[in-house]
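Heads up: the structure comes next, in structure tokens.
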Amino acid sequence: MPTDRSRRDFVKSAAILGAAAVAAPSAAAASPSPRSAEPGAPLTPHTGALYDVARDEAYWTQVAAKYRITPRTTNMEAGYFGMMALPVLEAYHRYIDRANSESSYFARREFPAMMRTARERVATFVGAKPTELAFTRGATEALQALIGQYNRLQPGDTVMYADLDYNAMQWAMNALAARCQAKVVTLDIPEPASHENILAAYTNALDANPRTKLLLLTHCNNKTGLLLPVGEITTLAKARGVDVVVDAAHSFGQVPLTMADMGADFVGLNLHKWIGAPVGAGALYIREGCLSAIDRAHADESAPLDRIESRIHTGTTHFATVMTIPDAIDFQLSIGIPQKAARLRYLRDRWVHAVADVKGVSILTPENATLTGAITGFRLHNRGTSEANRALAATLHDEFGIFTFQRTGLAKGDCVRVTPTLYNTPADADKLAAAIRTIAARG
């Protein structure tokens, strides 16, 4: 039974997810296929507080049954690839068969309209205009285009990023600066992080570097899962004449969020993590009126200069991947993003709260309601070396049957990342907590 304290903690953490009462699942009714559900409708109608939704095990068992998961391990590394739910996977297979059997006839005559529909669905989901989006093969490709083709940097200007930003994007910022004879400035996100010290870190860094022209922000980083107050940081940056590129690879589909919330003009999205589309699905966002800051891709003339399609050119599209995106969105909306976020936060809190007071365990992601979602990083006995964390992840897998992953690049050292998802259970979280306690006790 949850304690009054745990209930209060969860209700407080659920504040980011929306109103206290939302459409939610029930154990009483059978769950229809998400493909047949109206967009936004829960699998089984019920009304309840998010605290209760997150703990409705009968319902989440129905959701988990829509995933075909391997018995080889307890997967707590869902951040790498979100996995397609069975209705989405079935649709993907149908689309592969169709594209393959109808070949170029379909690709030339019918696929373009389906691609436009998919883009419209993504635009609605993220609160953008379809003309502000172009499909990519992932957030990395989108962000590399935004950074590599950014054209407002002059010799002597500064680009800025933090230790928690994705390594590949840091490298892209370094390459841009080198090409433009600009300066690279880095900052470390405080550890432990708080809303106040995060804003202070960015304010101080921007004020100390008045020639900063481009700032990279990661809304939910892939190392500790910390959710930055991107909207507020973007406001700080824009007030100083700084353009902002946001890495939202882990954001959309994990927590409720729109482009307006972030306020940035340039965003890279991933659709095969928390949206559950096939691997190779992402999107590039450039706010209307801001295209001129990003050069055309390789002098691409296949699309007009005033169209976002001219900023990315990946060649022949994987037809079935794009065709499946609306099915993936339908599945997510049939559950509801606030409900999903509440469940993921509950699973995260279950293992974190069970080890938070254990000697030698350092939880790197704060309890603050607005700063944490599903992902959390941890260290044992302040050991931040690559070797120690690689060994820790290996022990969790080899000895306890739990798959996690080591993350590098944090200012204070490496960590192990834990990422639960919709097919995980409280028992999985308890299994992880027991394993961490056992390993920590060994010193």
Discussion item. Assess the residue pair Val242 and Leu214 against the criterion (side chain to side chain contact (heavy atoms under 4.5 Å, CB included)); give the C-alpha distance rounded to whole Å, side-chain angles, the decisive distance to 0.1 Å, and a yes or no.
Written reply: CA-CA 6 Å; Val242 179; Leu214 185 66; 5.7 Å; no

Item to complete: Evaluate salt bridge (charged side-chain N to carboxylate O under 4.0 Å, His left out) for Glu102 paired with Arg108, printing each intermediate quantity in order.
Response: CA-CA 10 Å; Glu102 298 183 7; Arg108 297 281 193 190; over 6 Å; no

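- Atoms CG and SG, on Asn389 and Cys415 in that order, are 6.5 Å from each other to the nearest 0.5 Å.
- When every heavy atom of Thr136 is checked against every heavy atom of Ile312, the shortest pair comes out as CG2-CG1, 4.0 Å.
- Panel note: side chain Gln149, backbone Leu146; no donor-acceptor pair is recorded below 3.5 Å.
- Counting all heavy atoms, side chain and backbone alike, Thr365 lies closest to Gly377 at OG1-N, 3.4 Å.
- The shortest side-chain heavy-atom distance between Val244 and Phe266 does not fall under the 4.5 Å cut-off.
- Across Ala264 and Tyr285, no two heavy atoms sit closer than the pair O-CE2, 3.7 Å.
- Remark: the backbone N or O of Ala162 is paired with a side-chain donor or acceptor of Gln170 at under 3.5 angstrom.
- In summary, Lys66 and Glu90 do not engage in a salt bridge, as defined by a charged side-chain N under 4.0 Å from a carboxylate O.
- With 3.5 Å as the limit, one finds a donor-acceptor pair spanning the side chains of Ser386 and Asp414.
- A donor and an acceptor atom, one from each side chain of Asp300 and Ser302, are located under 3.5 Å apart.
- With rounding to the nearest 0.5 angstrom, the OG1 atom of Thr404 is 8.0 Å from the CD1 atom of Ile436.
- Remark: Glu288 engages Lys129 in a salt bridge, criterion side-chain N to carboxylate O under 4.0 Å.
- Counting only distance, with no hydrogens or angles, the side chain of Lys183 and the backbone of Pro155 share no donor-acceptor pair below 3.5 Å.
- Inter-residue side-chain proximity for Thr419 and Met76 is flagged as unmet; no heavy-atom pair is nearer than 4.5 Å.
- A side-chain donor from one of Lys431 and Thr74 sits under 3.5 Å from a side-chain acceptor of the other.
- Judged purely by distance below 3.5 Å, without hydrogens or angles, the side chains of Tyr150 and Asp295 never pair a donor atom with an acceptor atom.
- With hydrogens and angles left out, the side-chain atoms of Asn197 and Ser194 include a donor and acceptor closer than 3.5 Å.
- A side chain to side chain donor-acceptor pair (under 3.5 Å) with Lys223 is found for one member of Thr218, Thr408, Asn167 and no other, namely Asn167.
- One finds a salt bridge joining Glu399 and Arg442 here, because a Lys/Arg side-chain nitrogen approaches an Asp/Glu carboxylate oxygen to under 4.0 Å.
- Pairing each heavy atom of Asn368 with each of Arg345, the nearest pair is O-NH1, 3.9 Å.
- Taking each heavy atom of Leu269 and Ala248 in turn, the nearest pair found is CD2-CB, 3.9 Å.
- Arg348 and Thr376 share a donor-acceptor pair across their side chains, judged by distance under 3.5 Å alone.
- Under a 4.0 Å N-O distance rule, the pair Lys238/Asp265 qualifies as a salt bridge.
- Closest non-hydrogen pair, Gly373 versus Leu227, comes out as N-CD1, 3.7 Å.
- Looking only at side-chain heavy atoms (C-beta outward), Leu228 and Tyr202 come within less than 4.5 Å of each other.
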Worksheet item: What's the verdict on side chain to side chain contact (heavy atoms under 4.5 Å, CB included) for Asn270 and Phe252, showing C-alpha distance, side-chain angles and the deciding distance?
Response: CA-CA 8 Å; Asn270 197 304; Phe252 287 96; over 6 Å; no

Worksheet item: Passes side chain to side chain contact (heavy atoms under 4.5 Å, CB included), Phe378 versus Leu380? Steps please.
Response: CA-CA 7 Å; Phe378 75 98; Leu380 291 186; 4.1 Å; yes

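- Gln181 CD: 12 or fewer foreign heavy atoms inside a 6.0 Å radius.
- One side chain, Tyr95 or Asp327, offers a donor N or O that lies under 3.5 Å from an acceptor on the other.
- Although no hydrogens or angles enter the test, the distance criterion places a donor-acceptor pair under 3.5 Å between the side chain of Asn424 and the main chain of Asn75.
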Worksheet item: Can you list the steps and then say if Arg287 with Glu132 is a salt bridge (charged side-chain N to carboxylate O under 4.0 Å, His left out)?
Response: CA-CA 6 Å; Arg287 189 182 301 278; Glu132 295 175 318; 5.4 Å; no

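- Although no hydrogens or angles enter the test, the distance criterion places no donor-acceptor pair under 3.5 Å between the side chain of His250 and the main chain of Asn222.
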Worksheet item: What do the steps show when you test Glu191 against Arg379 for salt bridge (charged side-chain N to carboxylate O under 4.0 Å, His left out), and what is the final call?
Response: CA-CA 12 Å; Glu191 188 181 301; Arg379 294 192 197 100; 2.7 Å; yes

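- Glu387 CD: more than 12 foreign heavy atoms inside a 6.0 Å radius.
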Practice prompt. Test Thr224 against Asn221 for side-chain hydrogen bond (donor to acceptor under 3.5 Å, both in side chains), laying out the working first.
Written response: CA-CA 6 Å; Thr224 69; Asn221 77 80; 3.2 Å; yes

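- Proximity of a side-chain donor or acceptor of Asn204 to a complementary backbone N or O of Ala201 within less than 3.5 Å is not detected.
- Between the side chain of Ser103 and the backbone N or O of Ala99 there is no donor-acceptor pair closer than 3.5 Å.
- A 6.0 Å sphere centred on CG of Asp398 holds more than 12 heavy atoms belonging to other residues, nucleotides or ligands.
- Atom CZ of Arg240 has more than 12 neighbouring heavy atoms from other residues, nucleotides or ligands inside a 6.0 Å radius.
- With hydrogens and angles ignored, the 3.5 Å screen pairs no side-chain donor or acceptor of Thr317 with any backbone N or O of Phe319.
- Distance alone, capped at 3.5 Å, places no donor-acceptor pair between the Arg311 side chain and the Ala297 backbone.
- With hydrogens and angles ignored, the 3.5 Å screen pairs no side-chain donor or acceptor of Asp97 with any backbone N or O of Arg94.
- Between Glu309 and Arg296 there is no salt bridge, since no side-chain nitrogen of the basic residue lies less than 4.0 Å from a carboxylate oxygen of the acidic one.
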